[in-house]
Amino acid sequence: MKPGFIGLIFLTGVNCCVSESVSKEELSTYVTNDNNGLVKTAEKNNVDIHLVYRPKELVLLQEAEPGTDEWIRAMKNLDSLDYFVLQISKNGHEVENTWVHDDRQFLHAVKYLSDGITNEIEMEIGNNSILPEQTVFSQTFGTAGRTSVLIVFKSYLEKQVGTFKVVWKDSALGVGRVEFTFQTSDIRKVPKLKTANI
C-alpha cells in the first residue's frame with residue numbers, strides 16, 4: 001500500500017455507524033459511543049491510552065466518492081484490512097512532549113512513534129498473532145492534546161468470531177505492556193455508510 005494513501009487515511013476522522021445505512025456524522029458518533037465497544041481505554045504510569053476502531057468506509061472518503069466504481073474497487077482492495085487509532089497523552093499533552101526540553105529524548109520518542117512502535121504492536125486472535133501491515137504517526141507539534149498513531153492490520157475482523165486483543169509492548173515511552181480486548185461481534189454491528197447524499 002502506498003504511504004501517501006495511508007497518510008490520507010490517517011487524516012480521516014474517527015468514525016462508525018448505527019443503523020443499516022448512516023451518514024458520516026452518525027458513523028462518527030457511533031464509534032465514540034462507549035456502549036458500542038469500539039473505544040478501549042487504559043491508564044499506566046500517568047499516561048492515558050485510547051485505542052479506537054476505525055471503519056474502513058470512512059477511511060475511503062478521502063479517496064473516492066461513495067457508490068462509484070472507484071469506491072467499489074477500493075473497498076475490495078481494503079476488504080481484509082482493519083484500522084485502529086492509538087491515542088496517547090500525558091498531562092493533557094502529546095506524550096512525546098514529555099521530553100520537549102530534552103532534544104535527545106524528544107527525538108528518540110518521535111523516532112519510536114514513527115518507526116519502532118510498528119514492531120511492538122500485535123493483534124492476538126484465535127491462535128494467531130498478527131503484526132501491523134503499517135503504522136502511521138502524524139506529528140501535531142503540541143496542537144492536538146494527544147499523540148495519534150494509525151495502525152493497519154490485515155485481519156478481516158468481520159469474518160472472525162469471539163474476542164481479539166490488540167497488544168502494545170511499549171519499550172520507549174514509559175508505558176510498558178498494555179492489552180485491549182474487543183469483541184468481533186461489535187465490529188460486525190458497525191452499520192454501512194450511505195452511498196449517496198452523505
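The shown structure was predicted, so the numbers you read here are calculated from the model rather than taken from an experiment. Nothing fancy with the numbering, it's 1 onward along the sequence.
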S.K.: Quick check: closest heavy atoms across Thr29 and Thr32, and the distance to 0.1 Å?
M.R.: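 Scanning both residues, the minimum pair turns out to be O-OG1, 3.2 Å.
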
S.K.: Under the criterion side chain to side chain contact (heavy atoms under 4.5 Å, CB included), I'd like the reasoning laid out for Phe106 against Asn97: C-alpha separation, chi angles, the key distance, then a yes or no.
M.R.: CA-CA 7 Å; Phe106 178 79; Asn97 284 347; 3.6 Å; yes

S.K.: Return yes if some donor-acceptor pair links the side-chain N/O of Asp170 with the main-chain N/O of Gly174 below 3.5 Å, else return no.
M.R.: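 Yes, the answer is positive, given that a donor and an acceptor are paired below the 3.5 Å cut-off.
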
S.K.: For a quick check under 3.5 Å, do Thr163 and Thr181 share a side-chain donor-acceptor pair by atom type?
M.R.: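 Side-chain D/A pair, Thr163 to Thr181: absent.
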
S.K.: Supply the atom-to-atom distance Glu133 CD to Leu81 CG, rounded to the nearest 0.5 angstrom.
M.R.: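 So the CD of Glu133 and the CG of Leu81 are separated by 6.5 Å.
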
S.K.: OG/Ser148 to CD/Gln139 distance, rounded to the nearest 0.5 angstrom?
M.R.: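 Answer rounded to 0.5 Å: 12.0 Å.
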
S.K.: Given the rule in the side chain to side chain contact (heavy atoms under 4.5 Å, CB included) test, do Ser28 and Glu25 qualify, once you have shown the distances and angles that lead to the verdict?
M.R.: CA-CA 5 Å; Ser28 182; Glu25 291 75 18; 5.6 Å; no

S.K.: When rounded to the nearest 0.5 angstrom, what distance separates NZ in Lys159 from OG1 in Thr184?
M.R.: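 That separation rounds to 12.5 Å.
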
S.K.: State the NZ-CZ distance between Lys111 and Phe137, to the nearest 0.5 angstrom.
M.R.: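 Atom-to-atom, Lys111:NZ and Phe137:CZ are 13.0 Å apart.
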
S.K.: Is any side-chain heavy atom of Leu86 less than 4.5 Å from a side-chain heavy atom of Ile151?
M.R.: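 In contact.
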
S.K.: Kindly give the heavy-atom pair with the smallest separation between His108 and Ala172, and that separation in Å.
M.R.: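 Where His108 meets Ala172 most closely, the heavy atoms are NE2-CB, 4.0 Å.
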
S.K.: Is the closest side-chain heavy-atom distance between Lys56 and Asp82 below 4.5 Å?
M.R.: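 Answer yes - side chains close enough.
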
S.K.: If you compare all heavy atoms of Pro132 against all heavy atoms of Thr118, which two are closest, and at what distance to 0.1 Å?
M.R.: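 It is CD-O, 3.6 Å.
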
S.K.: Flag yes if Leu113 and Val167 sit in one hydrophobic cluster, no otherwise; membership is Ile, Leu, Val, Met, Phe, Trp, Tyr, and two members link when side-chain heavy atoms are under 4.5 Å apart.
M.R.: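 Looking at the clustering, Val167 is in a separate group from Leu113.
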
S.K.: Distance to the ring centre below 6.0 angstrom and angle to the axis at most 45 degrees; does that hold for Lys165 and Phe180?
M.R.: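 Not satisfied by the 6.0 Å and 45° rule.
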
S.K.: So Phe84 and Phe164, would you call those rings parallel, tilted or perpendicular, with 30° and 60° as cut-offs?
M.R.: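 Perpendicular.
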
S.K.: Going by atom types only, do Gln160 and Ser155 share a side-chain donor-acceptor pair under 3.5 Å?
M.R.: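 No, no side-chain donor-acceptor pair sits under 3.5 Å.
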
S.K.: Indicate the atoms forming the closest heavy-atom contact of Glu122 with Leu131, along with that distance.
M.R.: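 Between these two residues, the closest heavy atoms are CB-CD2, 4.0 Å.
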
S.K.: Backbone N or O of Arg73 within a donor-acceptor pair of the Glu70 side chain at under 3.5 Å?
M.R.: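 Not confirmed, Glu70 side chain does not pair with Arg73 backbone.
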
S.K.: Show, in sequence, the C-alpha distance, side-chain angles and deciding distance for Arg54 and Leu150, and conclude whether the side chain to side chain contact (heavy atoms under 4.5 Å, CB included) test is met.
M.R.: CA-CA 9 Å; Arg54 175 176 293 174; Leu150 178 75; 3.8 Å; yes

S.K.: Are side-chain heavy atoms of Ile88 and Asp48 found at a separation under 4.5 Å?
M.R.: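 A side-chain contact is absent here, since even the closest heavy-atom pair is not under 4.5 Å.
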
S.K.: Restricting to non-hydrogen atoms, name the atom on Ser89 and the atom on Gly145 that form the minimum distance, rounded to 0.1 Å.
M.R.: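 Closest pair (atom of Ser89, atom of Gly145, distance): CB-O, 3.4 Å.
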
S.K.: Pair Lys24, Glu26 - check salt bridge (Lys or Arg N to Asp or Glu O under 4.0 Å), show working.
M.R.: CA-CA 5 Å; Lys24 179 174 65 174; Glu26 288 169 323; over 6 Å; no

S.K.: Below 4.5 Å, heavy atoms only, C-beta onward: do Leu38 and Val190 meet side chain to side chain?
M.R.: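 SC-SC contact between Leu38 and Val190 confirmed.
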
S.K.: Under a single-linkage definition using a 4.5 Å side-chain heavy-atom cutoff for Ile, Leu, Val, Met, Phe, Trp and Tyr, are Tyr53 and Ile130 assigned to the same hydrophobic cluster?
M.R.: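 Tyr53 clusters together with Ile130.
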
S.K.: Answer whether the closest heavy-atom distance between the side chains of Val166 and Ile121 falls below 4.5 Å.
M.R.: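 Yes, side chains in contact.
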
S.K.: Determine, stepwise, if the pair Thr147 / Glu96 fulfils side-chain hydrogen bond (donor to acceptor under 3.5 Å, both in side chains).
M.R.: CA-CA 8 Å; Thr147 300; Glu96 66 272 22; 2.4 Å; yes

S.K.: For the atom pair OG (Ser171) and CD (Glu120), what is the distance rounded to the nearest 0.5 Å?
M.R.: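 Ser171 atom OG to Glu120 atom CD measures 3.0 Å (nearest 0.5 Å).
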
S.K.: Kindly give the heavy-atom pair with the smallest separation between Arg188 and Leu157, and that separation in Å.
M.R.: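 Closest pair (atom of Arg188, atom of Leu157, distance): NH1-O, 4.5 Å.
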
S.K.: Verify side chain to side chain contact (heavy atoms under 4.5 Å, CB included) between Ile49 and Gln87, making sure each step is shown before the conclusion.
M.R.: CA-CA 6 Å; Ile49 310 118; Gln87 300 174 329; over 6 Å; no

S.K.: When you compare the side chain of Lys192 with that of Glu57, does any pair of heavy atoms fall below 4.5 Å?
M.R.: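 Heavy-atom side-chain distance check passes, below 4.5 Å.
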
S.K.: So, taking the atom named NZ in Lys154 and the one named OG in Ser80, what distance separates them when rounded to the nearest 0.5 Å?
M.R.: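 Lys154 atom NZ to Ser80 atom OG measures 4.5 Å (nearest 0.5 Å).
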
S.K.: Side chains of Val47 and Thr98: does their closest heavy-atom pair fall under 4.5 Å?
M.R.: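 With C-beta onward as the side chain, the pair stays apart.
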
S.K.: Could you check whether any side-chain heavy atom of Tyr112 comes within less than 4.5 Å of a side-chain heavy atom of Leu173, counting everything from C-beta outward?
M.R.: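 Yes, close enough: below the 4.5 Å cut-off.
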
